[in-house]
Undergrad: 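This is the structure I want to talk about, given as structure tokens.
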Amino acid sequence: MDNNTSAIQVLNDNNISYSIREYPENGPVAAVDVAAYFGDTADRLFKTLVTTDHKGGYYVFCLPGEKRLDLKKAAALVGVKNLQMLKPDTFQELTGYVHGGCSPLGMKTLLPTIVDASALKWDSIFLSGGRIGLIIDIDPKILTTLVDAKFEDISKD
């Protein structure tokens with residue numbers, strides 16, 4: 001499989017240490033199932049969600065695989081009234097990624113990015129490597145440098 005994704009390129013260009021894990025592209029889909037495939041808990045595997053305020057604002061949120069985004073908290077953190085998940089037809093055009101293979105790294109456009117604060121309890125977290133079937137294992141603090149990420153409490157069970 002091709003591992004030359006935009007996310008991997010960003011890591012390489014910035015000499016960031018990372019490791020790769022792969023799973024079958026036709027295998028698990030949900031973050032919890034991907035984590036189980038690797039024998040890990042879903043609280044260390046972070047999914048990337050992209051939202052819009054429908055006024056031209058787009059925002060990226062990374063949170064543990066078993067959690068749901070608290071849209072009210074998320075909207076307050078980015079200073080808007082409400083947020084909705086980005087529609088599939090806009091998703092790939094905006095991010096350069098497909099659903100299920102979206103990474104906060106290497107998006108076509110750098111968007112405001114908030115990572116759930118629980119990421120900081122880990123020395124490394126798992127994120128999409130930029131395609132379905134590719135996971136990267138990186139230090140979460142690196143996201144501050146690479147995408148100007150902020151760490152906040154954004155998830156709910």
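Only a predicted model underlies this, so the values are computations on that prediction, with no experimental measurement involved.
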Undergrad: Using the rule that Ile, Leu, Val, Met, Phe, Trp and Tyr join whenever any side-chain heavy atoms are under 4.5 Å apart, tell me whether V60 and L86 fall into a single cluster.
TA: yes

Undergrad: What distance separates T144 OG1 from I142 CD1, expressed to the nearest 0.5 Å?
TA: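 The distance works out to 8.5 Å.
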
Undergrad: Indicate the atoms forming the closest heavy-atom contact of L45 with A35, along with that distance.
TA: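 Closest pair (atom of L45, atom of A35, distance): CD2-N, 4.0 Å.
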
Undergrad: Find out if a path of hydrophobic residues (ILVMFWY) with successive side-chain heavy-atom gaps under 4.5 Å connects Y59 to L71.
TA: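 Yes: a chain of side-chain contacts under 4.5 Å links Y59 to L71.
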
Undergrad: Under 3.5 Å, which donor-acceptor pairs do the side chains of residues 93-103 form with other protein atoms, sequence neighbours left out?
TA:
unit_1: T95; atom_1: OG1; unit_2: F91; atom_2: O; d: 2.8
unit_1: T95; atom_1: OG1; unit_2: Y97; atom_2: N; d: 3.0
unit_1: T95; atom_1: OG1; unit_2: Y97; atom_2: O; d: 3.3
unit_1: Y97; atom_1: OH; unit_2: A7; atom_2: N; d: 3.1
unit_1: Y97; atom_1: OH; unit_2: L105; atom_2: O; d: 2.5
unit_1: S103; atom_1: OG; unit_2: L105; atom_2: N; d: 3.1
unit_1: S103; atom_1: OG; unit_2: S128; atom_2: O; d: 3.0

Undergrad: Under the criterion side-chain contact (heavy atoms from CB on, under 4.5 Å), I'd like the reasoning laid out for L146 against V10: C-alpha separation, chi angles, the key distance, then a yes or no.
TA: CA-CA 8 Å; L146 297 179; V10 166; 4.2 Å; yes

Undergrad: Return the minimal non-hydrogen interatomic distance between P24 and Y37, and the atom names on each side.
TA: CD-OH, 3.3 Å

Undergrad: Are L11 and F46 grouped together when hydrophobic residues (ILVMFWY) are joined by side-chain heavy atoms under 4.5 angstrom apart?
TA: yes

Undergrad: Name each donor-acceptor pair under 3.5 Å that joins a side chain in residues 120-127 to protein atoms two or more places apart or in another chain, with its distance.
TA:
unit_1: W122; atom_1: NE1; unit_2: D43; atom_2: O; d: 3.4
unit_1: S124; atom_1: OG; unit_2: R44; atom_2: NH2; d: 2.6
unit_1: S124; atom_1: OG; unit_2: D137; atom_2: OD1; d: 2.6

Undergrad: Under the criterion side-chain contact (heavy atoms from CB on, under 4.5 Å), I'd like the reasoning laid out for V50 against T90: C-alpha separation, chi angles, the key distance, then a yes or no.
TA: CA-CA 10 Å; V50 184; T90 314; over 6 Å; no

Undergrad: Do V115 and L110 share a hydrophobic cluster, counting only Ile, Leu, Val, Met, Phe, Trp and Tyr and linking them when any side-chain heavy atoms are less than 4.5 Å apart?
TA: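 As far as the 4.5 Å side-chain criterion goes, L110 and V115 are connected within one cluster.
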
Undergrad: Can you give me the closest heavy-atom contact between E22 and R131, atom names plus distance?
TA: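 Closest approach of E22 to R131, heavy atoms only: OE1-NH2, 2.9 Å.
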
Undergrad: Donor-acceptor check, side chain of T52 to backbone of H54, threshold 3.5 angstrom: yes or no?
TA: yes

Undergrad: What do the steps show when you test L83 against D53 for side-chain contact (heavy atoms from CB on, under 4.5 Å), and what is the final call?
TA: CA-CA 5 Å; L83 290 171; D53 62 10; 4.1 Å; yes

Undergrad: Count I, L, V, M, F, W, Y as connected when their side-chain heavy atoms are under 4.5 Å apart, and connections chain through other members. Are Y58 and M107 then in the same cluster?
TA: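 In one cluster: yes.
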
Undergrad: Using 0.5 Å steps for rounding, measure from the CG atom of D139 to the OH atom of Y18.
TA: 15.5 Å

Undergrad: Which heavy atom of A75 sits nearest a heavy atom of N82, and at what distance?
TA: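 Looking at all heavy atoms of both residues, the shortest contact is CB-CA, 3.9 Å.
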
Undergrad: Of the non-hydrogen atoms in A74 and L69, which two are nearest, and what is the gap between them?
TA: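 Between these two residues, the closest heavy atoms are CB-CD1, 4.0 Å.
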
Undergrad: Could you tell me whether a side-chain N or O of K47 sits under 3.5 Å from a main-chain N or O of K67, the two making a donor and an acceptor?
TA: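 Looks like yes, one N/O pair under 3.5 Å.
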
Undergrad: If only atom types and distance count, is the side chain of D116 paired as donor or acceptor with the main-chain N or O of I154 below 3.5 Å?
TA: yes

Undergrad: Do P64 and S118 come close enough that some side-chain heavy atom pair is under 4.5 Å?
TA: yes

Undergrad: Quick one: CD1 on I132 to CG on N26, what's the gap to the nearest 0.5 Å?
TA: 10.5 Å

Undergrad: Between L134 and I20, is any pair of side-chain heavy atoms under 4.5 Å apart?
TA: yes

Undergrad: Which pairs, with at least one residue in residues 146-156 and sequence neighbours excluded, count as a salt bridge (charged side-chain N to carboxylate O under 4.0 Å, His left out)?
TA: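 As it turns out, the salt bridge (charged side-chain N to carboxylate O under 4.0 Å, His left out) pairs with a partner in residues 146-156, which skip direct neighbours, are K73-D153, D148-K150.
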
